[in-house]
Amino acid sequence: MASKYDGLAKIIIQNVGGKSNVISLTHCITRLRFKLKDESAANTEILKNTDGIVTVMKSGGQYQVVIGNHVPDVYTAICEIGGFGGDSDSEAVGSEKPQKLFALLIDTISGVFQPVLGVFCATGLIKGILAIFTFTGLLTAESGTYQLLYAVADGFFYYLPVILGFTASKKFGLNPFTGIALGCALVYPKVVALTSNEVLDVLFTGTMFESNIYATFLKIPVIMPKSGYPSSVVPIVLSVYVASKIEKMWKRIVPDVIKNFLVPTLTLLTAAPFTFLVVGPAANTIAAVIGFVTQAAYDASPVLEGTIVGAFWQVLVIFGLHWGIVPIYIMNLSTQGFDSFMQPYFAASFAQTAVVIAVLIRTKDRNLKSLCIPAAISGIFGVTEPAIYGISLPKKKPFIISCMGAAVGGAIIGFGNVKKYMSGALGIFGFTTFINPENNDASSIPWVAAGVAVASVLAFVLCLITYRDEEKVPGGAGQVQSGKTGVRKITLGSPLKGEIMQLEQMADAAFSSGALGSGIAILPEEGVLYAPADGTVSALFPTGHAIGLTTEEGAEVLIHVGMDTVKMEGKGFTPLAEVGSHVKKGQELLKFDLEAIREAGYSPLTPVLVTNPAAFTDVIPTDAGQIRVGETLITIL
């Protein structure tokens, strides 16, 4: 059921780093208490400046978002929108409703790719530029210039498992270097070269799952794609996810003194076999099924097969499952000299590029525009990873629209029984591969062009009509208005300049226990005490070391300069106000001699307390480390 707090809930979920960054969520009388995987992923300043949020605190290992009296309603809205159950554990994927699994999967993939989007665009753009240079004859593929630049562009894609090993580790909370080690294992040259070994055995002979075995691990057959794992995505992401769970287990078991080296050792020894013995074979099995189903569809109707390949090609590429179709394509090229089976895929990259151009036109987000331009350029030349992972997949709807356009374009290409005679060029230069080099027969070109044109126009128009930028986070500095949130906020400025300390860090139990009130302590750098708010001086100890103030809103504030300084009997303290006098915020109340306090053997640490906290909903100290006079020290609800 919709709630008036749904908008606020969405903002909070987004700016604590997303659901995947949340370990658990509870609430108290005024605060949402998050445990986050990575607090640095949270946008604290945005949350602090959002209407409906009083402030944000980091304390006791918790990321606390202070809401006020209506925190139960906000908590309920967050649980419903984010799919949390009370005291939620975001890592319990099984708790997700089935209809949310796809969204969760997309969020995970997008999150893993988010840190490398800029480089994705750059390398894709370099590939496109090189394609132009070779097509126009400015460079040859054999030249040193081409080879070195291509190494920069293609090397990024080839070693993608290593890169994703790092980013996925950050996403799932694994030691990043353990994730890198798993990625390195997947693309290690001798592992990639295993498929060139002598065949040791053949499994499932005569079925769609027939697999050659080139190596074993502890006598267990190792099933791998024929091209190995370079440029793959799913194996490393799944492996890192499992490794993150394994690492947590070993951290609980291994003694602290040897954790530094033994936990990574045991994690790799456990996760690496899982990668090669479970993840790899699972991917191979799914690819085999896809290849079988697609071939059966082609035999039944090229139009049906073209629709299926066009619609799902990009999805298959994302998960590395297109290798279930590629072997059929390679076999057809080698035996027939051409292939018609896989060619409906050709429309997909153009449909993907078309939705990116539509987003570029529609969006007002400058950051998104800056990603769209290079992604569209590289997509024109057949490199669509920047478009998929950086733009359409995170936005979801553009990706679905691109698949719809590619399905229609694929059906047209299938109907035309298009023939491709060579592999190699991608994107706009791929049209040349549909010309028969023996007799210059270009009869397939009109069908390819028609499929590409229809796919592109359809995807572009649909995306242009339906795309909307996501709502921006409400900005604006200043305090929360009680009319909007029902919260009245009182702020106490700092009476001193200095270093902040929590009350519980104080040696004096009367202060650290909270018996005298709620608040915080300051280690002063200057010997002048200022009024924290407008109010009346309600108490002034004869020794001058402590002063009480009642603010205009009724908060009773006690400021005690130094520990045990009562024993100095007023030496070094000069009061500048009297009991009953009205003072303004920032007015000097007291001067004291810091050196005299230290020379007498006492600490100048000064607690600032609200002594009647029961009269208010909550008393919230700052989470800053240093503070200047007048800056917000305590917030009272």
Side-chain angles (χ1 to χ4, degrees), residues 28-31 33 48 53-60 64-69 71 479-480 482 485-506 508-524 529-541 545-563 565 577 579-587 589-590 604-624 627-637:
C28 57
I29 191 170
T30 63
R31 312 178 192 188
R33 297 176 177 268
K48 284 183 176 180
I53 296 175
V54 179
T55 190
V56 175
M57 299 175 57
K58 301 175 187 178
S59 178
Q64 301 175 17
V65 181
V66 183
I67 301 296
N69 292 332
V71 69
Q479 298 183 358
V480 177
S482 59
T485 66
V487 178
R488 186 182 179 197
K489 185 171 73 170
I490 306 166
T491 58
L492 300 181
S494 178
L496 298 164
K497 176 185 178 182
E499 180 183 351
I500 295 294
M501 291 185 64
Q502 301 299 318
L503 288 184
E504 52 265 29
Q505 295 178 280
M506 298 185 66
D508 191 319
F511 293 109
S512 62
S513 66
L516 297 179
S518 301
I520 202 160
I522 305 173
L523 189 62
L529 178 72
Y530 300 85
D534 295 350
T536 302
V537 177
S538 55
L540 181 61
F541 285 74
H545 75 289
I547 189 168
L549 180 73
T550 301
T551 72
E552 292 181 346
E553 297 85 0
E556 297 175 2
V557 182
L558 172 65
I559 307 172
H560 190 289
V561 180
M563 296 290 95
T565 48
V579 175
S581 60
H582 184 79
V583 297
K584 290 289 188 180
K585 180 179 179 180
Q587 180 178 328
L589 300 181
L590 176 70
L605 185 63
T606 301
V608 181
L609 307 174
V610 176
T611 58
N612 61 336
F616 303 97
T617 302
D618 206 354
V619 176
I620 307 164
T622 181
D623 58 358
I627 199 161
R628 292 178 293 184
V629 173
E631 292 181 340
T632 299
L633 180 71
I634 296 174
T635 301
I636 304 171
L637 306 186

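Since this is a predicted model, take the numbers as computed values, not measurements.
Smallest separation of non-hydrogen atoms from A521 and L503: N-CD2, 4.1 Å. Scanning all heavy atoms of the two residues, the minimum distance from L558 to A546 falls at CD1-CB, 4.4 Å. Shown here for L605 and M501, the closest heavy-atom pair between the two residues is CD1-SD, 3.6 Å. Residues P604 and L523 approach most closely at CG-CD1, 3.9 Å, considering heavy atoms. L529 and I559 make their closest contact through CD1-CG2, 3.7 Å (heavy atoms, listed as atom of the first residue, atom of the second, distance). Closest non-hydrogen pair, P613 versus V610, comes out as CD-O, 3.3 Å.
Residue P495 is tested with V629, V561, I522, L589 for a side-chain contact (heavy atoms from CB on, under 4.5 Å); the sole match is I522. Test I620, I500, L609 against I520 for side-chain contact (heavy atoms from CB on, under 4.5 Å) and you get one pass: I500.
Here the side chains of V557 and L492 are in contact, with some heavy-atom distance below 4.5 Å. The side-chain heavy atoms of H560 and T565, taken from C-beta on, include a pair separated by under 4.5 Å. The shortest distance between side-chain heavy atoms of T536 and S581 does not fall below 4.5 Å. Within the 4.5 Å cutoff, no side-chain heavy atoms of M563 are placed close to those of H545. Using a 4.5 Å heavy-atom cutoff, the side chains of I634 and V619 are in contact. At a threshold of 4.5 Å between non-hydrogen side-chain atoms, the residues L633 and V608 count as touching. I490 is not listed as a side-chain neighbour of T635, based on a closest heavy-atom distance of 4.5 Å or more.
Not a single donor-acceptor pair under 3.5 Å links the side chain of T550 to the backbone N or O of G554.
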